[in-house]
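Residue numbers run from 1 in the order of the sequence given. Both ligands and their constituent atoms are indexed starting at 1 by order of listing.
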Amino acid sequence: MTLQTLIVERHGAVTLIRLNRPEALNALNGQLMDELTATLDETEADASVRCVVITGSDRAFAAGADIKEMASKSYADVFTEDFITANWERVTRCRKPVIAAVAGYALGGGCELAMMCDFIIAADNARFGQPEINLGVIPGAGGTQRLTRFVGKSKAMDMVLTARMMNAEEANQCGLVSRVVPLADLISTAMEAAQKIAALSPNSVMIAKELVGAAYEAPLSQGVKMERRLFHSLFAFDDQKEGMAAFVEKRPAKFTGK
Ligand code: DAK
């Protein structure tokens with residue numbers, strides 16, 4: 001597929017995906033989401049890719065779904081064509097870690113896309129919001145649900161009902177993002193985290209990711225039980241022997257994914 005709305009770079013075992021519709025502040029239209037879905041399909045199928053970073057521009061991660069594309073659609077249109085449902089949740093099905101590196105606006109579907117990633121590293125100019133209420137609609141890609149889990153009911157209600165944006169500092173304080181860095185350091189910080197993950201045992205990484213994700217879905221006792229079973233399962237891999245032997249022998253581990 002020839003990409004027109006994304007720039008995809010390969011850095012060793014890490015794929016960096018840049019959303020690239022600068023004329024529309026990276027508004028997420030159907031073409032962009034199709035290209036993102038296809039790119040994530042490729043990264044998942046390529047065993048040499050161990051981690052993915054999604055970013056936008058300095059001005060906008062993404063200012064939401066493309067309002068101009070959806071403005072004239074009728075209920076029959078959106079229902080019949082399953083509008084923007086089919087290609088919106090690919091990132092949630094990735095087994096490999098996906099980091100969102102967010103600078104500038106992450107609004108509406110942009111905020112929702114960032115929240116679908118495994119964690120968010122924010123630049124100090126990042127602004128998060130779910131302003132759909134201003135358009136006479138509501139968040140449609142999980143915003144009312146994920147935002148509430150991440151920041152709590154009161155802040156989620158405030159943002160969803162008033163369209164108030166949250167700056168990077170507030171997002172950091174309430175746990176929406178994992179860390180905030182100066183804008184100039186955003187990509188290098190996200191890539192450093194991704195390279196660190198990419199060098200680890202891929203099986204441990206995928207299982208750890210699955211378990212942290214399960215904490216949002218399963219009751220605590222069930223999640224802990226699942227963790228115990230999957231912890232035990234890691235002893236079936238050579239990487240567990242290698243990781244622990246390397247610690248004892250005071251040398252770096254060489255993980256093979258076996
Ligand atoms: N869609 C289309 N174009 C957009 C856009 C958007 N979301 N956001 C910005 N643009 C365009 C502007 O129209 C403008 O284009 P031109 O007029 O130059 O042609 C250009 O980007 C620059 O924007 P501004 O001139 O407005 O720039 P400012 O710095 O003055 O303002 C802003 C920046 C981000 C505050 C402002 O552009 C803004 O408020 N944008 C809209 C933000 C918004 O309302 N976002 C939520 C959209 S609704 C679902 C999945 C997802 C969704 C729903 C369902 N399913 C799976 C069912 C998601 C819905 C949404 O995200």
Side-chain angles (χ1 to χ4, degrees), residues 4-7 17-41 54-94 98 100-117 120 122-151 155-168 170-171 176-177 183 186:
Q4 290 174 334
T5 64
L6 303 179
I7 298 170
I17 301 173
R18 297 178 189 270
L19 310 180
N20 187 40
R21 294 189 70 216
E23 72 286 359
L25 299 181
N26 292 332
L28 304 166
N29 64 2
Q31 182 183 8
L32 188 152
M33 295 312 292
D34 283 345
E35 291 184 7
L36 183 60
T37 297
T39 302
L40 291 172
D41 284 344
I54 301 179
T55 194
S57 67
D58 286 358
R59 194 171 164 212
F61 177 74
D66 192 313
I67 300 167
K68 293 167 190 167
E69 188 179 66
M70 68 182 146
S72 62
K73 290 197 181 279
S74 67
Y75 174 74
D77 294 333
V78 294
F79 180 78
T80 307
E81 67 191 54
D82 204 11
F83 179 61
I84 58 177
T85 300
N87 59 1
W88 263 76
E89 296 194 327
R90 178 65 182 91
V91 69
T92 63
R93 294 192 303 278
C94 287
V98 183
V102 174
Y105 296 111
L107 303 178
C111 186
E112 291 168 317
L113 175 62
M115 290 190 292
M116 285 181 212
C117 296
I120 302 172
D124 50 14
N125 74 337
R127 311 271 316 263
F128 297 88
Q130 297 288 163
E132 292 90 338
I133 204 89
N134 286 338
L135 303 170
V137 291
I138 58 168
T144 60
Q145 304 303 299
R146 288 196 180 90
L147 188 66
T148 307
R149 282 170 167 76
F150 295 163
V151 308
K155 275 189 189 291
M157 281 286 191
D158 184 2
M159 290 173 72
V160 169
L161 296 182
T162 72
R164 178 175 78 82
M165 289 187 213
M166 195 183 259
N167 66 21
E170 185 180 2
L176 178 58
V177 306
L183 174 59
L186 178 66

Distance only, no hydrogens: is a donor on one side chain within 3.5 Å (strictly under) of an acceptor on the other, for Ser74 and Asp77?
-> yes
Sequence neighbours excluded, the answer for side chain to side chain donor-acceptor pair (under 3.5 Å) partners of Arg146 is none
Mind running side chain to side chain donor-acceptor pair (under 3.5 Å) on Thr5 and Glu35 for me, showing each step along the way?
-> CA-CA 7 Å; Thr5 64; Glu35 291 184 7; 2.8 Å; yes
Residues which pass side chain to side chain donor-acceptor pair (under 3.5 Å) with Asn20, listed by chain and number, not counting sequence neighbours = none
With sequence neighbours left out, the residues meeting side chain to side chain donor-acceptor pair (under 3.5 Å) with Glu81 are Lys73
For the atom pair CG (Asn29) and CE (Met70), what is the distance rounded to the nearest 0.5 Å?
-> 11.0 Å
Contact residues of ligand 1 (heavy atom under 4.0 Å), by chain and number | Glu23, Ala24, Leu25, Ala27, Arg59, Ala63, Gly64, Ala65, Asp66, Ile67, Lys68, Met70, Phe83, Ile84, Thr85, Trp88, Tyr105, Leu107, Gly108, Gly109, Glu112, Pro131, Glu132, Leu135, Gly140, Ala141
